[in-house]
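For reference, positions follow the sequence shown, starting with 1.
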Amino acid sequence: MLNYLILLLLALIIIPLVNKNPDFSFWLFITLLFDPTGHIAGLLSRSNLGGFNYIDIFIFLSFLPLLSNKVNTRAVFSDKLLGSFLKFFFFFMIYRIIVHGMIVPEQSLNYVLRYQIVRERIPLFGFLLIIPVYVMAKRNLNYFYYFIIFATIIPLSLYFMTLFSGLDLIPVGTMDRYRGQGGSGVIRTFMLSSGLSLFIVPIAVCVYLLKLNAKYKKIIYIGFVLTVMSIILTLTKGMFLYLLGVILITLWILNKWFFHANIIKPLSRLVFPIVILWLLLMLTFPKYISYSQRLTNDIYSLIFKGGELEEGRVEGRIQNQLPAHLYTITKYPLFGTGLGRLYEQTEFAVEDYDVTDLPITGHIAQFGIIGISIYMIFYYLIFILIKRVYFKFKANKYNILKNSLNLFLVSIVAISFLVNKFTFVIDKLFSELTLGKNIFPMMIMIGILLSVLSKLNVNNSQSVGKSKYDNN
């Protein structure tokens, strides 16, 4: 009860500030939801919040701008594609609670209320974030654009200052990259939270190749360099593939929209930043050049050689988790194990049932073919959304660039993120079903594209902003 009183008090204090500037407030809350520096998770831990998660706080705060008398929420009820998303979300939520949560695993209502609705509330109800994102993105995307830039450059500057100075300016983690083989001395170095930094990559590629007169251009370039360097230091396959995917997808879009298959000249302009990055790594972290080559070879082997790595090693997730998942799928093919039953299986070690590294097979084991087939409707809706936005932008790209550069750049971020999920990082498909944090970027990008599509339809792509570059 005390926790809810604290939330109510917080709302009463913040509401007047939110009402004064709902756009800035909303995108600030979204930025803080991503914990740009990694401090928020520590300062606002469950123990400090009496059982609450800091994510609960910022999701709650993100709805407050909708109460402002300056914000019109009526568009939520008239957008048909948004309505299709919401209908699916509510249907699947009911399916998860009744079928996946109660009927299949034969759990009591009390267990579902205690475990699923309370403990798994973020992946269960996180889709609701699409509503405030849609409403606020339709009003203004400028603040999100600025937050991406400064929530990248500031945390990453602190990160590298921490590495070089030894001062504890930002939480930093380290780990032996090949600890499973008895230790190798190859050390992964990473921020505990990457925040919004990954979103600056497609912005920088667009600004550089199209020679756009974007605000804070130099800061964008510096943010891009620092982001790429930070990804290299992580020595994480998923991060490497994400970076490669976002860059190639952005290049593909620009080629189709602007260069018309004559992309050789724009690509040649990438030689200079690549050389700069290589020189910076040589001067600052020379070992990570060879480390990156080894990881690249591992990625190639994982994709094309079935998980067999150097020196006859086999990827752990392929050797241990995959057999456990596949066995469970054959045992419970239609509806899966249901809520809470996957980790009760005894044929393999408990850790082999973990779904984090192999979310595709892990979630098929949990939800079954029927549950996953139903969930695929969500991915089909995303495909429809991307297709509509892509062709709307392609037909009106010059008008959009002229009238609203920020909207264009943020839309490229959203498109590249979602396309990347189904291509270069397809191995993380379905991860948002149980890993709560994974659902927020998806809902934000979907909400942004839905709002942009609606805005372009209403304005007939002639005037999507009031000023040349940054009003939308």
task = Please identify each residue that fulfils ring pair (Phe, Tyr, Trp, His ring centres under 6.0 Å) with Phe150, with sequence neighbours left out.
result = Tyr216
query = Taking only residues two or more places apart in sequence or in another chain, which ones pass ring pair (Phe, Tyr, Trp, His ring centres under 6.0 Å) with Phe29?
reply = none
ask   = Do Tyr375 and Tyr379 have ring centroids that are under 6.0 Å from one another?
value = yes
inquiry  = Using only atom types and a distance under 3.5 Å, with no angle test, would you say the side chain of Asn457 pairs donor to acceptor with the backbone of Leu453?
reply    = yes
query = Got a sec, which residues hit side-chain contact (heavy atoms from CB on, under 4.5 Å) with Leu167, two or more places apart in sequence or on another chain?
reply = Ser165, Leu169
Under the side-chain contact (heavy atoms from CB on, under 4.5 Å) test, residues paired with His363 that sit two or more places apart = Val355, Pro359, Gln366, Phe367, Ile372, Phe430, Leu433, Thr434
ask   = Which pairs with one or both residues in residues 22-31 pass side chain to side chain donor-acceptor pair (under 3.5 Å), sequence neighbours excluded?
value = Asp23-Arg139
query = What pairs meet the salt bridge (Lys or Arg N to Asp or Glu O under 4.0 Å) rule with one or both residues in residues 432-443, with sequence neighbours excluded?
reply = Lys421-Glu432
ask   = Any chance the rings of Tyr242 and Phe424 have centres within less than 6.0 Å?
value = no
request  = Please name all residues satisfying side-chain contact (heavy atoms from CB on, under 4.5 Å) with Lys397, sequence neighbours left out, ordered by chain then number.
outcome  = Trp257, Phe258
ask   = Can you list the residues that meet the salt bridge (Lys or Arg N to Asp or Glu O under 4.0 Å) rule with Asp357, with sequence neighbours excluded?
value = none
message = Taking ring pair (Phe, Tyr, Trp, His ring centres under 6.0 Å) as the definition, give me every residue that meets it alongside Phe164, ordered by chain and number, with sequence neighbours left out.
response = Phe285
Distance-only check: which donor-acceptor pairs under 3.5 Å involve side-chain atoms of residues 195-211, not counting sequence neighbours?
residue, atom, partner, partner atom, Å
Ser197, OG, Ser194, O, 2.7
Tyr208, OH, Arg269, O, 2.6

request  = Classify the angle between the aromatic ring planes of Phe378 and Phe88 as parallel (below 30°), tilted (30 to 60°) or perpendicular (above 60°).
outcome  = parallel
key: ring pair (Phe, Tyr, Trp, His ring centres under 6.0 Å) partners of Phe240, counting only residues at least two apart   = none
ask   = When you measure from the side chain of Asn396 to the backbone N and O of Asn399, does any donor-acceptor pair fall under 3.5 Å?
value = no
request  = Enumerate the residue pairs fulfilling salt bridge (Lys or Arg N to Asp or Glu O under 4.0 Å) with a member in residues 225-236, sequence neighbours excluded, ordered by first and then second residue.
outcome  = none
query = Taking Ser84 for the side chain and Lys80 for the main chain, is one N or O donor matched with an acceptor at less than 3.5 Å?
reply = yes
